[in-house]
**Q** 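The structure is given below, and queries will be raised subsequently.
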Amino acid sequence: MSQTEQTPLSSSHFIRQIVEEDLETKVLGERLITRFPPEPNGYLHIGHAKSICLNFGLAKEYGGVCHLRFDDTNPIKEEAEYVESILEDVRWLGWDWGEHLYYASDYFDTLFAYAEKLIQDGKAYVCDLRPEEIREYRGTLTQPGKDSPFKNRSREENLALFGEMRAGKIEEGARVLRARIDMASPNLNLRDPIMYRILKKPHHRTGDKWCIYPMYDFAHGQSDSIEGITHSICTLEFEDHRPLYDWYLENLGIHHPKQIEFARLNLTYTVMSKRKLLELVEKELVSGWDDPRMPTLSGLRRRGYTPEAIREFCDRIGVAKRNNMIEVSLLEHCLREDLNKRAPRVMAVLRPLRVVLINYPEDTEEALDGINNPEDPSAGTRKVPFSRVLYIERDDFLEEAPRKFFRLAPGREVRLRYGYYITCVEVVKDEESGEVLELRCTYDPATRGGNSPDGRKVKGTIHWVSAKHALEAEARLYDRLFISEFPEKSAEDSSFIDNLNPQSVETVSCFVEPSLAEAEAGSIFQFERLGYFCVDSVDSGKEKLVFNRAVPLRDSWKKIEKQGGGGKK
RNA sequence: UGCCCGAUGGUGUAAUGGUAGCACGGCGGAUUCUGGUUCCGUCUGUCAAGGUUCGAGUCCUUGUCGGGCAGCCA
């Protein structure tokens, strides 16, 4: 057993190395404590999954713990609805925070006391500059800022003023509490950053208790500190904030976790920013945060992605500091890899073409044995009803078929999966339009089950459903939401919205085998030769089955077809 | 023309001064009652120039390119 574990699948990335070293030298204690700190202002997406798996994964791996903490310091943007969805998504992904569920808002009292301490130490002051003035005084990227005229107020005055801010005596925007650092710092975050601002808004957890709220920088590090976090792992854009993170903790003289930054996930053909995802939702360009085309965890779940596939994906993409752009094909690969092992196979016809077996008795039907999962013998077999009239996929018939087309064509023989060999003898067409309406075929009774006693081979096997027994269902064929590989890189005067794929979903009415009648919401099947389909958790029901295509099977025929049509006829 | 970070095949990611490897992807083939799966083969890489060293993807210098930062957002 231990021999199989000698080669860990996940590679050793730089954060793991730092953690390992720190655990060895015990500079931050003996136990690893990480945290995932979402702001409850939107739904979690696949990019968050990277962070979640990193933080929870590391904790699990090294016998530590990972906290789930909501970074809820801005009541204007945050809502309880988001808290609920985030809890659900993290749990669904397979992680357990145990009793370690926290809210930055739980620390508001402590944070307030911390602020008073800095004032007392002459390291913070109340500033009366207006927002525009603060911006002016801050300077620019290349020019230093200048001191606020209020920078040298006495401690007593600052304390009193800060108390008034808290008591609601000051109007919004009139005053802020600032750290007294250095207006000339080349790092703008150190130019006397704002610690507290006045926001006369009720908070989703603290209600009306507060009308001043700490800024991210004044809340995050201290929250980490209070919880005894050892390694505070965040994304690259906070790199410039680290000196401030360190400054607060040092000047407060409290436990000092180590902040480490890594590059966030980017995926081709999708957008990842919460702002853009919100825009898609609000403009009703998608059906909601859980639209199966969204890269949100709720969308992916509804689409048919499994937690296992997502975790595997997060493991494979690695962790580094350089900006990256992961190809969606890797995500799709991880899904197929997982589902191939587990998804029951079933037959469904998306674009039906009627086939009549002219030498098959009218009143007969039989039950054929279908293998539920060739990758998993324990999944067993099922009975699939067969009769004289069937539906096959329109794509599986071509009137003028090239040599490499192994499916049905006039005069050609194919195997019906688990059924008989059939030969197409007649094509019935609409006289006016020329559209193929029906195929008339003969079947070979000796080939029942899919093998011929004379050993003759057929190149192709196609799927089918019995017309009499089939269930009608809806299938939603999803494709990528954007046509462009890099939707955010749109022309100057256009938005990422212009890169939406107009064919990102096609809804078809299809026929599925009767065994699917009792399929539960959220369960996933492989429609043989087509792809993986998930019973929609919102719209599917007893009256009407609705399936979402999570991902199609790889299709090498399509490739041949594109390259040159599979040769001469 | 400030500060910080980064640069390895098409895309990711390893190699921690000592044979540039793995995965996805592409291409070709074998097997197959899913044109799926599986298996085999194959393709392409250390940003540039100097320096240190017996030896540099790795260390140093300079340059180039990419990213982040001027919310009372996180």
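Below, read A as the first sequence line, B as the second, and so on, with proteins coming before strands; counting in each chain starts at 1.
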**Q** Counting distance alone, no hydrogens or angles: does the base of B:rU34 have a donor or acceptor under 3.5 Å from a partner atom on the side chain of A:Gln526?
**A**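 Yes, a donor-acceptor pair under 3.5 Å.
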
**Q** Within less than 4.0 Å of OP1 or OP2 of B:rC24, is there a side-chain N or O belonging to A:His333?
**A** yes

**Q** Would you say a side-chain N or O of A:Lys559 is under 4.0 Å from OP1 or OP2 of B:rC27?
**A**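 Yes, within the criterion.
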
**Q** For RNA chain B, what string of dots and brackets results from 5' to 3' when Watson-Crick and G-U pairs need both distances under 3.5 Å, crossing pairs get [ ], and pairs with another strand get |?
**A** .((((((..((((....[..))))((((((.......))))))...(((((..]....))))))))))).....

**Q** B:rG71 phosphate, OP1 or OP2: any side-chain N/O from A:Arg138 under 4.0 angstrom?
**A** yes

**Q** Can you find a donor-acceptor pair, distance only, under 3.5 Å between A:Glu375 side chain and B:rG36 base?
**A**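 Flag set: donor-acceptor pair detected.
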
**Q** Pairs under 3.5 angstrom, nitrogen or oxygen only, protein versus nucleotides 2-5 of chain B, please.
**A**
| residue | atom | partner | partner atom | Å |
| --- | --- | --- | --- | --- |
| B:rG2 | N9 | A:Leu141 | O | 3.4 |
| B:rG2 | N3 | A:Leu141 | O | 3.1 |

**Q** Whether the side chain of A:Arg554 and the base of B:rG35 hold a donor-acceptor pair under 3.5 Å is what I'd like checked.
**A** no

**Q** For A:Arg480 and A:Thr270, does a side-chain donor sit closer than 3.5 Å to a side-chain acceptor?
**A** no

**Q** Side-chain N or O of A:Arg322 versus OP1/OP2 of B:rG66: is the shortest distance under 4.0 Å?
**A**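 Result: no.
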
**Q** Touch check for A:Val319, heavy atoms < 4.0 angstrom, all strands: base, sugar-phosphate only, or nothing?
**A**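 Sugar-phosphate: the residue A:Val319, judged by heavy atoms under 4.0 Å, touches backbone atoms but no base.
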
**Q** Counting only side-chain nitrogens and oxygens, does A:Ser556 get under 4.0 Å of the OP1 or OP2 atom of B:rG36?
**A**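 For B:rG36, OP1/OP2 do have a side-chain N/O of A:Ser556 under 4.0 Å.
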
**Q** NA contact type, A:Lys341, heavy-atom cut-off 4.0 Å: base, sugar-phosphate, or nothing?
**A**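 Nothing, no nucleic acid heavy atom in range.
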
**Q** Does A:Glu327 make a side-chain donor-acceptor contact with the base of B:rG12, cut-off 3.5 Å?
**A**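 Result: no qualifying N/O pair found.
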
